[in-house]
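Presented below is the structure to which this report refers.
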Amino acid sequence: MIYEIISQSYSSNSYVITGDRTILIDPGLPGDPTLATYIARSEREIDVIINTHCHYDHIGGNWNTEIYVHEDDADAVETGDMKTAYSHFTSSFEGFPVARRLKEGDVVDIGDHELTVVHTPGHTSGSICLLDTATRTLFSGDTWFMNGIGRTDLPSGSFKSMEMSFKKLRGIEAEHICPGHGPSFENNIETIFRSFFEVI
Ligand SMILES: [Zn+2]
């Protein structure tokens with residue numbers, strides 16, 4: 001099962017995927033009430049947190065369970081450095097230990113679901129999307145939103161990398177897109193691609 005916890009604030013959305021293990025994609029800001037309410041009601045413990053990238057509005061709510069993050073953003077999550085952009089939200093941040101440094105093509109197998117890591121740099125160098133092939137759902141982090149693409153002006157961001165990432169995403173067999181902020185939506189990649197990357 002996939003549970004979408006859509007944030008009502010600056011905090012990122014969170015997604016809970018249940019199988020043999022329970023995965024949480026991006027807890028958001030610390031103490032986000034929407035996620036806290038879900039966890040309080042749920043009977044399942046979270047076994048693994050996957051962060052789509054290192055920004056504080058996605059990782060600030062991490063806790064000391066197993067944390068997976070792409071290898072290019074893992075140091076920032078561990079040290080809580082400026083790449084996490086924590087200073088937009090709080091005065092200090094110490095980071096969290098990372099249990100697994102993800103790479104392109106890695107698979108996180110949780111029984112009913114297999115999540116495949118798609119490395120999509122651009123918003124940050126270690127940004128990832130996660131593809132659940134069984135349900136054709138893509139968790140797109142801050143790479144792909146209903147009406148746009150992620151910012152590329154923050155540390156390690158790159159518009160050129162973002163364009164390459166969207167070229168890669170054009171070939172992904174996903175129907176349902178679950179972004180880091182805002183509502184989920186049906187795959188609209190050609191519209192997004194034309195709007196942001198194709199200069200006539
Ligand atoms: Zn971000």
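One is the number of the first residue; the rest follow in order along the sequence.
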May I ask you to test the F193-L169 pair for a side-chain heavy-atom distance under 4.5 Å?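 No. Closest side-chain heavy atoms not under 4.5 Å.
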
Run the salt bridge (charged side-chain N to carboxylate O under 4.0 Å, His left out) check on R151 and D153 step by step: do they pass? CA-CA 6 Å; R151 293 174 61 165; D153 59 331; 2.9 Å; yes

Return yes if some donor-acceptor pair links the side-chain N/O of [X] with the main-chain N/O of [Y] below 3.5 Å, else return no.
X: D26; Y: N13; value: no
X: H123; Y: M162; value: no
X: Y15; Y: P179; value: yes
X: T152; Y: G157; value: no
X: S156; Y: S125; value: yes
X: S11; Y: L29; value: yes
X: E66; Y: A99; value: no
X: T90; Y: Y86; value: no

Any chance you could measure [X], atom [atom1], to [Y], atom [atom2], to the nearest 0.5 Å?
X: L24; Y: R44; atom1: CG; atom2: CZ; value: 13.0 Å
X: L131; Y: I172; atom1: CG; atom2: CD1; value: 5.5 Å
X: H70; Y: T52; atom1: NE2; atom2: OG1; value: 12.5 Å
X: M164; Y: T120; atom1: CE; atom2: OG1; value: 13.0 Å
X: D57; Y: H181; atom1: CG; atom2: NE2; value: 4.0 Å
X: E186; Y: N188; atom1: CD; atom2: CG; value: 9.5 Å

Tell me whether the count of non-hydrogen atoms from other residues, nucleotides or ligands lying under 6.0 Å of CD in E94 goes above 12. no

More than 12 heavy atoms of other groups within 6.0 Å of M146 CE: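 Counting neighbours around CE of M146, more than 12 heavy atoms of other residues, nucleotides or ligands fall under 6.0 Å, so yes.
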
What are the two closest non-hydrogen atoms of [X] and [Y], and how far apart are they?
X: R170; Y: I189; value: N-CD1, 3.7 Å
X: C178; Y: E4; value: SG-OE2, 3.6 Å
X: P30; Y: G60; value: CG-O, 3.4 Å
X: S7; Y: T34; value: CA-OG1, 4.4 Å

Derivation of the side-chain contact (heavy atoms from CB on, under 4.5 Å) call for F185 and N147: CA-CA 10 Å; F185 55 95; N147 295 310; over 6 Å; no

For H58, the option from N51, T84, D142 that meets side-chain hydrogen bond (donor to acceptor under 3.5 Å, both in side chains): D142

Only one of D75, D106, D73 forms a side-chain hydrogen bond (donor to acceptor under 3.5 Å, both in side chains) with R101, so which one is it?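 Among the candidates, only D75 passes.
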
F145-L130 co-clustered via ILVMFWY side chain contacts under 4.5 Å: no

Run the side-chain contact (heavy atoms from CB on, under 4.5 Å) check on V16 and T22 step by step: do they pass? CA-CA 7 Å; V16 174; T22 301; 3.6 Å; yes

For side-chain contact (heavy atoms from CB on, under 4.5 Å), just list the numbers for F139 and I50, CA-CA rounded to whole Å, side-chain angles, deciding distance to a tenth of an Å, and then say yes or no. CA-CA 11 Å; F139 301 93; I50 305 179; over 6 Å; no

Looking at F166 versus F196, is the centre-to-centre ring distance below 6.0 Å?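 No: the rings miss the under 6.0 Å criterion.
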
Are F197 and F159 close enough that their ring centers fall under 6.0 Å? yes

Option among F93, Y10, F96 that satisfies the ring pair (Phe, Tyr, Trp, His ring centres under 6.0 Å) test with Y56: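 For Y56, the ring pair (Phe, Tyr, Trp, His ring centres under 6.0 Å) check succeeds only for F93.
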
Classify the angle between the aromatic ring planes of H55 and H53 as parallel (below 30°), tilted (30 to 60°) or perpendicular (above 60°).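 H55 and H53: perpendicular rings.
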
CA sep, side-chain torsions, deciding dist, call: V48, R100, side-chain contact (heavy atoms from CB on, under 4.5 Å): CA-CA 10 Å; V48 172; R100 181 171 168 189; over 6 Å; no

